[in-house]
Amino acid sequence: DQAKIGVLTDMTGQFSHEAGPGAVAAVELAVEDFGGTVLGEPVEVVVGDHQNKPEVAASLAQEWYESDGVTMINDLINSGIALSVAQIAEQKGGIAIVNGSGSSKLTGAGCTPNSIHYAYDTYALANGTANHLVDDGHKSWFFLTADYAFGHALEADASAIVEAAGGSVEGNVLYPIETADHSAFMLQAQASPAEVVAIAGSGTTFINAVKSAQEFGLTDSGKLVAGLLVWLTDVKALGLPAAQGMVLTNGFYWDRDDDTRAFAEKFKAKTGKMPHMGDAGNYSSTLHYLKAVEAAGTTDADAVMAKMRELPVEDFFAHGGKIREDGRMVHDMYVYQVKTPAESTGEWDVYKLIETIPGDKAFRPLSESDCPLVKAD
Amino acid sequence: MTDAPAPAARPRRLDVRDLHAWYGESHVVHGATFHVDRGEIVTLLGRNGAGKTTTMRALAGVVRTRKGSAHLDGHDLLATPPHRVARTGLGYVPEERGIFASLSVAENLLLPPVVRPGGVSLAEIHALFPNLKGRDRTQGTRLSGGEQQMLAIARVLRTGADFILLDEPTEGLAPVIVEEIAHALGALKARGLTILLVEQNIRFALAAADRHYVVEQGRVVDEFDNTTLRTDRARIDAYLGV
Amino acid sequence: MNVFALVLFASAVNLVVGYAGLLSLGHAAFFGGAAYVTAHAAKAWALPFEVSVLLGTAFAALLGLLFGLIGIRRRGIYFAMITLALAQMVYFLAVQLPFTGGEDGIQSVPRGTLLGIVDLGDIRSMYYVVLAGMVIGLVVIWRTIHSPFGHVLAAIRENEARAVSLGLDVARYKLTAFVLSAALSGFAGALKVLSFQLAALNNVSWHLSGEVVLMTLIGGLGTFAGPIIGAASLVTLEQMLATSGLPISLVIGTIFMVCVMLFRRGAWGEVRARLAALADRQGPGKS
Amino acid sequence: MVRCGGPKTTQGGDVGDANANVIETRGLTRTFGGFVAVKDVDFAVRKHALHALIGPNGAGKSTLFNLLTRFLPATRGTIVYRGTDVTRTPPATLARRGMVRSFQISSVFPHLTTHENVRIALQSRHRETFAFWRADRSLKHYDEEVRTLLADVGLEPYAQRLATELPYGRKRALELATTLAMQPDVILLDEPMAGMGQEDIARTAELIRRVGEGRTILMVEHNLSVVADICDRITVLRRGEIIAEGSYAEVSADPEVRQAYIGSDHD
Amino acid sequence: MLSVPLVVLLGQVVLGLINGAFYAVLSLGLAIIFGMLNVINFAHGAFYMLGAFVCWLLLTHVGLGYWPALVVVPLVVGAVGVVVERVFLSRLAGIDHLYGLLFTFGLALALEGGFIFVFGAAGNPYPVPDALRGIVRLGPLILPLYRFWVITASIIVCLAVWLLIEKTRLGALLRAATENPRLVTAFGVNVPLLVTLTYGACVGLAGFAGVLAAPIYQVSPTMGSNLIIIVFAVVVIGGLGSIGGSIVTGLALGVIEGLTKVFYPAGSTIVIFLVMVLVLMLRPAGLFGRET
Ligand SMILES: Nc1ncnc2c1ncn2[C@@H]1O[C@H](COP(=O)(O)OP(=O)(O)OP(=O)(O)O)[C@@H](O)[C@H]1O
Ligand SMILES: Nc1ncnc2c1ncn2[C@@H]1O[C@H](COP(=O)(O)OP(=O)(O)OP(=O)(O)O)[C@@H](O)[C@H]1O
Ligand SMILES: [Mg+2]
Ligand SMILES: [Mg+2]
């Protein structure tokens with residue numbers, strides 16, 4: 001029984017800065033830190049570049065599970081791909097752990113007994129930021145939402161929370177994801193009386209939206225910009241002058257405590273950059289997987305899944321993290337604000353912590369889940 | 001000037017020896033040898049497919065796979081880069097006319113760069129080809145077939161080229177215009193131009209030219225002067241299969 | 001199995017681009033549109049395998065008819081841009097309509113059984129069914145280009161005005177070829193759904209429309225084997241590169257450039273030309 | 001000589017007989033922008049005539065052809081073909097009803113062989129064009145007919161050559177063969193002799209005369225010896241208007257025609 | 001939907017014009033390459049990206065600022081274009097223009113992939129030059145100053161190019177050279193040189209647009225890849241071969257797109273294509289094109 005881990009990710013495409021080489025490095029580090037072997041055999045890591053093509057990902061996943069002896073596939077950025085590989089894992093008796101994609105469908109209608117949604121999901125991110133800001137007195141909101149399922153989900157989750165917490169949604173605008181120029185939407189945001197302009201999108205279009213917000217003087221005119229899904233790499237790409245003041249929720253920040261800093265140093269030595277929540281999730285989940293394999297004494301998917309659920313997740317990423325029956329790994333989440341250039345003391349010193357959300361409050365409660373595995377109970 | 005002096009008295013302008021030309025793999029001109037002297041109008045006669053057009057294209061640099069030698073006023077045409085050939089004073093009116101569809105009549109007319117002073121003026125062109133008058137803005141290929149032929153000739157006359165290759169200039173032209181062109185060629189000759197002509201219309205060839213070569217299968221097989229052509233029609237008819 | 005679907009798709013595209021001289025930049029709409037319809041029919045309506053595939057193919061054919069009616073009288077790049085524009089609208093619908101699942105697509109489409117006998121859940125029988133589907137599609141294309149209709153199509157491509165003057169109603173021939181090609185592309189898309197159990201946005205995006213033309217071009221435009229070779233090699237390459245660690249677009253981009261520079265008639269076109277040259281050289285010697 | 005002053009041809013006394021005139025136009029006009037290329041033309045071609053249309057360059061001959069074959073829509077006026085109004089009929093339909101044209105600038109299918117060029121026309125004539133399910137072996141039965149047609153225009157030796165490789169004159173011959181393959185009732189030939197060598201001209205003239213038996217032919221031609229030789233009726237166009245009509249002898253005696261078109265050379 | 005305030009609407013028209021100015025500069029170059037050299041230059045978006053990147057690299061590694069970059073970058077990118085034309089595209093002249101498309105598509109892929117490989121996909125920020133920082137208040141409307149500069153610079157460049165092509169013999173020469181290069185050569189024009197320089201100049205224009213774009217958008221490897229088909233659409237709507245057409249169409253479509261963003265944002269990605277289908281149905285050769 002050899003444990004073989006496949007990192008299926010976007011190595012060279014539009015998401016490669018969010019996952020890609022960083023994901024691979026994190027998994028490799030975890031294997032090294034585990035000692036390189038499990039059940040007396042070396043742990044092998046293989047890498048696949050799915051190029052954001054579901055067919056390529058599916059072919060590769062099938063081949064990996066079926067003939068290449070891959071026992072677990074990790075990262076899985078791109079929600080369509082994550083959903084389809086989760087299905088394949090179930091069919092072929094493999095394990096899929098999602099760190100790259102945030103779609104909460106993975107623990108909803110698309111949940112499987114063989115897949116785990118690990119680092120974060122859209123619900124948790126929206127939940128953290130919305131709750132915090134409304135509690136803080138920022139009650140009127142305007143949404144700038146990427147016009148696709150992922151953006152809609154972020155917005156829907158966030159506005160439900162805003163309204164539940166006594167805030168109001170003043171308006172929204174759906175921007176097509178191909179849009180490079182967001183200035184037209186900025187004018188609308190500008191004209192709205194709302195205090196908070198929440199951007200529900202990700203990747204390059206998110207970055208461009210924040211840039212225009214800065215260019216149009218949104219923050220100067222007293223509005224608060226909130227990002228509903230922000231990677232550390234996005235903030236780096238924006239630069240502090242453009243990103244400063246933005247409020248966001250994240251599952252991990254390298255400068256949280258000594259353990260995270262220790263991991264970050266190792267990661268940086270290997271890749272030249274600081275890890276973000278996807279990287280940390282890839283590391284932590286790989287480690288957890290290997291521990292479970294060792295505990296189960298086999299790489300058989302059912303046995304390992306059972307062990308993974310049984311053992312608590314205990315490392316720098318999560319303390320006492322737990323995997324629920326819908327596949328959700330439950331852990332604390334954190335609300336951060338982007339520092340101003342003046343506050344920042346170093347290249348990677350970009351966030352200040354403003355709130356910690358305990359795991360049981362961070363994620364969608366099981367009672368609201370539409371995962372068939374939960375209903376079966 | 002119109003009365004041709006003895007050929008030997010004229011300086012040689014074009015001297016073609018053992019010219020070969022190919023389209024890709026197919027060898028079309030097989031060693032043509034002929035010459036044209038200053039102020040002469042010379043025709044190449046021959047059946048369809050004999051290689052007349054190809055010979056002209058080889059001289060103008062439009063067909064690039066060539067061997068042998070061709071000199072115009074001492075310039076080695078085969079060694080001249082194609083865009084420099086026009087600078088030697090050679091103007092080319094192609095058989096297919098080569099009117100540019102995306103250009104207006106005026107643009108077509110003004111397109112070829114002037115290579116020497118003394119070209120035919122626009123006024124003279126309009127006098128010669130009244131059809132072109134007032135059509136400046138019409139798209140080139142929307143002219144009638146004959147008008148396109150006029151435009152193709154006019155275009156080259158304008159540049160001041162003094163050695164002109166004319167490939168079937170009368171094709172598609174009304175008899176009156178053919179007559180006028182015959183006169184015009186005479187006038188051009190009087191101005192000192194030298195012309196190499198490919199022609200199917202023997203009547204026109206007779207009226208316009210001084211000497212005639214017969215091309216057969218890519219070779220020059222015979223030569224006539226006008227008198228012979230007039231008196232010994234049978235000989236040429238044998239070549240042309242009439 | 002991706003290879004089978006794309007080989008058929010590229011061959012169908014070649015029918016219009018290579019044989020009818022109509023550059024279409026919108027064929028992904030047929031491939032992907034049929035994929036969505038097939039997936040939805042099989043999953044949400046729980047229709048049998050054959051019926052879903054037929055529905056997908058029919059949908060593509062209808063869509064092809066619509067595209068054709070709008071664009072067929074335009075020429076060259078104008079035609080290409082109309083097909084692109086219409087395909088972008090299909091893409092837009094795929095993003096907007098609820099049943100397509102947006103950027104996530106439709107997953108876990110059931111395969112069912114073929115004619116109620118062969119269980120397609122079995123990967124091996126699935127494989128042969130998709131292979132058979134591809135072969136059937138290719139036979140249809142082969143027949144078409146080597147048929148009286150195919151000759152007329154060639155003539156129209158060569159000289160449209162002359163074809164009209166000979167009493168050929170060119171728009172109808174082009175439309176027929178276009179609809180046929182759309183239907184076959186749809187068929188390919190349906191086969192893809194059954195092999196991967198998913199339909200996704202990238203199946204309707206203009207990138208795919210472009211890629212499939214490029215596959216055809218690389219293999220050899222207007223040759224029967226060209227698109228087969230082109231699609232098979234590109235898909236295989238993509239699959240191989242996935243685990244190679246190389247920067248894929250850089251490699252594929254470079255391959256495109258090299259292909260164009262080295263064999264402009266496409267791989268197969270080049271082979272054929274060489275063979276012909278060889279035959280020429282030997283011909284006179286023998287006689 | 002008959003001048004065309006009135007709205008109708010008065011020649012022959014069979015006016016009004018729908019069968020006698022294969023083509024009739026009334027007030028046919030075509031303008032390009034402000035330029036009137038064909039002006040109010042009343043024109044008729046009688047059945048089984050070999051009718052020539054001549055006139056100076058730019059007179060509107062090709063335009064008139066384009067109008068008659070519906071390659072260009074008319075600005076005004078009507079066209080009647082064998083008794084029915086075809087002013088709005090699509091060109092391909094008209095061709096299938098027996099009116100086939102050739103082009104002034106050679107128009108062949110360049111990358112098909114000479115043989116295939118002609119065969120396409122046969123396919124069109126026999127409506128064997130939509131069968132995409134049938135093998136092209138089924139086209140073999142045309143071979144004999146193609147060969148005959150090619151032989152008629154002296155193109156047999158070129159049968160397997162690509163049309164693009166033919167010398168200019170041969171392309172014209174090919175175009176003619178392709179046109180004849182349609183077995184048209186009415187053939188419109190736009191300068192069929194242009195670019196041909198002497199030997200071909202004679203042969204083609206003979207060919208046209210031969211195929212003209214039992215057919216109607218309307219041709220534009222600048223080669224007046226051919227026109228004089230084979231055409232039984234001639235219409236002269238100038239600046240879009242008919243200036244004369246009649247036999248060659250009649251027309252060529254007209255001083256206006258001589259001045260505008262024929263010049264002094266021909267007699 | 002009708003509750004959109006008038007100011008916002010007016011603002012959108014201005015913003016639309018600004019985007020339109022980008023479309024105009026890009027489509028201008030594309031239109032010339034396309035209409036006159038008969039190359040479907042799929043790499044145009046990549047050259048635009050290259051322009052922005054060279055600009056960024058000059059700033060970060062050489063310390064060369066925005067203003068000099070405005071001149072240097074188009075020259076650098078143009079030089080790359082010259083090399084590409086000379087070494088590759090010139091060999092493809094005369095064969096089906098699909099091969100030119102294939103080549104430039106490959107080039108675009110390779111450039112994009114290469115830049116992602118080296119610089120990552122996220123992109124890099126480029127500061128707005130000091131002189132153009134800040135916002136302009138037009139009544140209640142707030143617009144960034146830099147955007148006004150973009151529109152001015154683009155329109156000046158477009159007009160200059162238009163004058164050069166339409167009012168000099170250059171345009172006619174180019175079109176003729178596309179149609180029948182051998183004949184134009186025989187007339188004494190050095191066609192290969194002409195073509196190379198034109199390609200270089202048009203690509204340089206794309207580089208210029210890249211510099212203009214750098215401070216607004218991220219300098220990222222994928223910035224040109226989605227733009228390219230929009231710009232193609234602009235060229236086609238304007239009518240192939242019509243330089244003026246592509247400028248006017250670029251500006252107009254920018255405005256139409258901007259207004260769509262107000263009333264039906266989702267539709268803004270396809271409004272241009274919708275316009276294209278409608279235009280081509282009514283005018284087969286585009287708004288300003290001529291039919292051949
Ligand atoms: N582009 C071409 N490719 C291949 N062969 C060609 C090409 N053009 C002409 N040929 C061949 O070259 C030979 C000579 O043709 P060319 O056009 O020079 O003849 P020509 O004497 O001008 O005839 P014509 O009187 O018909 O114009 C012919 O056999 C012709 O088939
Ligand atoms: N599409 C068009 N646009 C503008 N002018 C046109 C168009 N087509 C034809 N013309 C003009 O109409 C007139 C008649 O042209 P047409 O081709 O009918 O002449 P033609 O009698 O056939 O002459 P030729 O004997 O030279 O072939 C010409 O002056 C021509 O320039
Ligand atoms: Mg010739
Ligand atoms: Mg004519």
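The chains referred to below are lettered A, B, ... by the order of the sequence lines, with proteins before strands, and numbering in each begins at 1. Computed from heavy atoms alone, side chains included, the values below leave out hydrogens, waters and symmetry copies.
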| field | Exercise: do A:Ser16 and A:Glu18 side chains pair donor with acceptor under 3.5 Å | value | no
| Donor-acceptor pair between A:Asp49 and A:Thr12 side chains, under 3.5 angstrom | yes
| query | At a heavy-atom separation under 4.5 Å, does E:Asn124 approach chain A through its side chain, its backbone, both, or neither? | reply | backbone
| remark: Among A:Trp231, A:Phe15, A:Phe216, the residue with the most heavy-atom pairs under 4.5 Å to chain E is A:Phe216
| task | Identify which part of E:Ile216 has an atom lying under 4.5 Å from any heavy atom of chain A, answering side chain, backbone, both or neither. | result | both
| remark: Counting heavy-atom pairs under 4.5 Å with chain A, the top scorer among E:Pro125, E:Gly120, E:Gly134 is E:Pro125
| field | Between A:Gly13, A:Ser212, A:Gly203, A:Pro241, the one whose heavy-atom pairs under 4.5 Å with chain E are most numerous | value | A:Gly13
| request: Would you mind telling me which of E:Ala121, E:Pro127, E:Ala213 has the largest number of heavy-atom pairs within less than 4.5 Å of chain A? | output: E:Ala121
| request: Verify the distance criterion only: is there a donor paired with an acceptor across the side chains of A:Asn172 and A:Glu155 at less than 3.5 Å? | output: yes
| field | A:Thr204 portion near chain E, given a 4.5 angstrom heavy-atom threshold | value | side chain
| query | Would you call A:Asp181-E:Arg147 a salt bridge at under 4.0 Å N-O? | reply | yes
| task | Can you tell which part of E:Tyr217 gets under 4.5 Å to a heavy atom of chain A, answering side chain, backbone, both or neither? | result | both
| Using non-hydrogen atoms only, which part of A:Asp147 is less than 4.5 Å away from chain E: side chain, backbone, both, or neither? | side chain
| task | Check whether the side chains of A:Asp75 and A:Asn99 place a donor and an acceptor atom closer than 3.5 Å, and report yes or no. | result | no
| said: Students often mix this up, so state it plainly: with edges at 30° and 60°, are the rings of E:Tyr126 and E:Tyr66 parallel, tilted or perpendicular? | reply: tilted
| message | Taking side chain to side chain contact (heavy atoms under 4.5 Å, CB included) as the criterion, tell me which of A:Val230, A:Leu229, A:Leu144, A:Leu228 meets it with A:Phe206. | response | A:Val230
